[in-house]
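I have placed the structure first, in the form of C-alpha cells, so that the comments after it can refer back to it.
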Amino acid sequence: MDRFLIEGGAPLQGEALVSGAKNAALPILCASLLSSQPLVVRNLPPLRDVRTMTKLLTGMGVTVQTLSSEGSAQEILKLEAGGVDKLEAPYELVKTMRASILVLGPMLARFGQALVSLPGGCAIGQRPVDQHIRGLQAMGASVEVQKGYLVARASRLKGAHIATDMVTVTGTENLMMAACLADGCTVIDNAAREPEVVDLAQCLIAMGAKISGAGTDRIVVEGVRELRGADHCVMPDRIEAGTFLCAVMATGGEILLKGVCEAHMAATLDKLRQSGLQVRATDDGLWAKADKRPLPVDIRTAPYPGFATDMQAQFMAVNTIAQGTSTVAETIFENRFMHVQELQRLGAQIRIDGHTAIIQGVKKLTGAAVMATDLRASAGLVIAGLVAEGETEIDRIYHLDRGYDRMEDKLIALGGRVRRVKSAA
Ligand code: EPU
C-alpha cells in the first residue's frame, strides 16, 4: 500500500489545475447505458473510481474507447452501449465503489431488468439504498433481494410522483436517469440540488431527455422512447478545489486554482473567508491568499447549497490550528469523524459530542504516523501534514487515489514537500 511522507511547514505558492468532478463523472458514465448510440465524455479525471466504473460497464458489454492521449489529466472516453448483454453489477466491484448502484436505474429503464449487488458496509456510515428502491417501485418495478443482490424487473417503467425521505444525491440521479425512458411524467420531490445532479441532467438533456428543474428540489422528467448519443464535458471538481483552498488557508501562501467554477463553491468560500482567506474569482479560476493563522469557524454540514460533508474533514484540519475554539457538526453521515483520532495523533485538541466535534485550536501540529480511513478523511490528514512540524507519514493512500488525481504532483508543484512511497508489493 502506498504511503505519503510529508515534511510540513512550507507555504503553498503557484498554480494548480482542478480536475473534472468524480461525483459528476460517475453518474454520467452510467448514463451511457440509456442509449445504444455513443456517448463521448470529456474532462474525466483519471481516478481509481473512474476505472472501476468503466470496468463495471465493460463487464456489462459497453464498449469503452479512450480518445485522449495516454496519461492525459483530462481523459476523453467514448462509450457505446449498443451491445449490452450482461445486466449485472457484481459484488466484487460494487463493494469497492458504492456509486456502482448508479447502473440500476439506467439498466432497468432500458432493458427492463437489473441484477445489482447490495453495496454492504461503508466506513462513513450505513448508507442504505432504500430510497433508490422505493422510487423505482413507485415507477412500477419489482425489486427484491436475493443472495445479496437486488433483483429488479419492469416491463416499462411508468412515470410517478416520488418524494424521497431525505435528500439523496445518487438516489436523485438514479431516479432521474430511470425516469428518462419511463412512460409518462415523473416528479421527484425533495431532489438533491447538487451541481453534479445538474451536470448529469445537462448530459441527459443533450441525449434527448426532457428534464426540467434540475438544481431545484423538484425535478420533472417527461419520459421519451429512446435517447441518442451526445458529447458532454464534465464539470470541475468543487471538492478538489475546496481541498486546495483549505490547504493554503492552513499553510499560508498564495495560489491560483485554474478551471474552478466559483458559483458551485459559495458555502465553502464563505467559511474560508470567515477563516481569513482572501479569495477572488479570476478569468479562469480562483486566486487565494492566506497570511495569518486561521480564525475558528463553526461548520454544519448540509445538502447543497449548504456546507458539503465532503469538505468537513478538510475544514476540520484548518480549524485544528485556528486561534480559538470551533465546532464542526456532521449531519449527513453518522460515522464521518474517523479523521479525528488521527488528527489527535498530530497534536490536535478535539472532543466529540454526538455529531459535533469541538476543536480547540493549537499553535502547531507535530508530524506523526497516521492512517487514512476514507477519501475525504485522507485529504484532511494531508492538509494537517502540510502544516505540522516535522514529518507526517500517511498510510493507506489508496483511499485518496479514489478521488484525487495525482494530488502529490499538484502539491509539489505548489511547493508542498510531499513524497509518495510505493509499496513493495
Ligand atoms: N440515504 C438513505 N437511503 C438512501 C439514500 C441515502 O438513508 O436510499 C442517506 C445516507 O445514508 C446519508 C444521506 O441519506 O445519510 C445522504 O446520502 P446520499 O445518498 O446523498 O449520498 P450518496 O449519494 O451515496 C454522494 C456522494 C458522496 C457524498 C454524498 C453527500 C457520489 C458518488 N457520492 O453519496 O461522496 O458524500 O453524496 O453529499 O456522488 C465522496 O466523494 O467522498 C463521497 C462520499
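Each ligand, and each atom within it, is numbered from 1 in the order the structure gives. On a predicted model such as this, the values are computed, not experimentally measured, just so you know.
Looking only at protein heavy atoms, the nearest one to atom 20 (O) of ligand 1 is V169 N, 2.8 Å. For atom 36 (O) of ligand 1, the nearest protein heavy atom (residue, atom name, distance) is D310 OD1, 2.6 Å. Distance from atom 34 (O) of ligand 1 to its nearest protein heavy atom, with residue and atom name: R127 NH2, 3.3 Å. The protein heavy-atom contact nearest to atom 5 (C) of ligand 1 is P128 O, 3.3 Å. When only non-hydrogen protein atoms are considered, atom 30 (C) of ligand 1 lies nearest to T309 CG2, 3.7 Å. When only non-hydrogen protein atoms are considered, atom 44 (C) of ligand 1 lies nearest to R336 NH2, 3.5 Å. D130 OD1, 2.7 Å is the protein heavy atom nearest to atom 3 (N) of ligand 1. Scanning the protein for heavy atoms near atom 14 (O) of ligand 1, the closest one is M166 CG, 3.4 Å.
For ligand 1, the polar-atom distance check finds no N/O of G171 at less than 3.5 Å from any of the ligand's N/O atoms. Looking at E334 next to ligand 1, no N or O pair under 3.5 Å apart turns up.
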Residues 371-383 side chain polar contacts: donor-acceptor under 3.5 Å, at least two apart:
residue: D374; atom: OD1; partner: R376; partner atom: N; Å: 3.2
residue: D374; atom: OD1; partner: A377; partner atom: N; Å: 3.2
residue: R376; atom: NH1; partner: Y404; partner atom: OH; Å: 3.1
residue: S378; atom: OG; partner: D374; partner atom: O; Å: 2.5
residue: S378; atom: OG; partner: L375; partner atom: O; Å: 3.3

Review item, side-chain donor-acceptor pairs of residues 143-151, under 3.5 Å, at least two apart:
residue: E144; atom: OE1; partner: Q146; partner atom: NE2; Å: 2.8
residue: Y149; atom: OH; partner: Y91; partner atom: N; Å: 2.9

Between T309 and E330, is the side-chain hydrogen bond (donor to acceptor under 3.5 Å, both in side chains) condition met? List the steps.
CA-CA 7 Å; T309 174; E330 172 58 55; 3.0 Å; yes
Would K410 and S19 count as a side-chain hydrogen bond (donor to acceptor under 3.5 Å, both in side chains) if you check the C-alpha gap in whole Å, the side-chain angles of each, and the deciding distance to 0.1 Å?
CA-CA 11 Å; K410 292 187 185 182; S19 299; 2.9 Å; yes
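Around atom 39 (O) of ligand 1, the closest heavy atom drawn from N23, I239, T301 belongs to N23.
Within a 6.0 Å sphere centred on CD of E226, heavy atoms belonging to other residues, nucleotides or ligands number 12 at most. Heavy atoms of other residues, nucleotides or ligands lying less than 6.0 angstrom from CD of Q341 number 12 at most.
Residues R420 and D401 are paired through a salt bridge, judged by an N-O separation under 4.0 Å between the basic side chain and the carboxylate. The existence of a salt bridge linking D49 and R402 is confirmed by a sub-4.0 Å separation between a basic side-chain nitrogen and an acidic carboxylate oxygen. Salt bridge status for R134 with D165: present, with a side-chain N to carboxylate O gap under 4.0 Å. Using a 4.0 Å cut-off between charged nitrogen and carboxylate oxygen, K22 and D237 do not count as a salt-bridge pair.
Each of the following atoms of ligand 1 lies closer than 4.0 Å to a heavy atom of Q131: 3 (N), 4 (C), 8 (O). Residue-ligand proximity, V129 to ligand 1, at heavy-atom distances under 4.0 Å covers atoms 4 (C), 8 (O). Ligand 1 places these atoms under 4.0 Å from at least one heavy atom of K22: 40 (C), 41 (O). The contact set between ligand 1 and V167, taken as ligand atoms under 4.0 Å from a residue heavy atom, comprises 16 (C), 20 (O). Every atom of ligand 1 is numbered from 1 in the order shown, and the set under 4.0 Å from a heavy atom of H132 is 8 (O).
A heavy-atom distance below 4.5 Å is not found between the side chains of K258 and T282.
At a heavy-atom distance under 4.0 Å, atoms from both the backbone and the side chain of T168 approach ligand 1.
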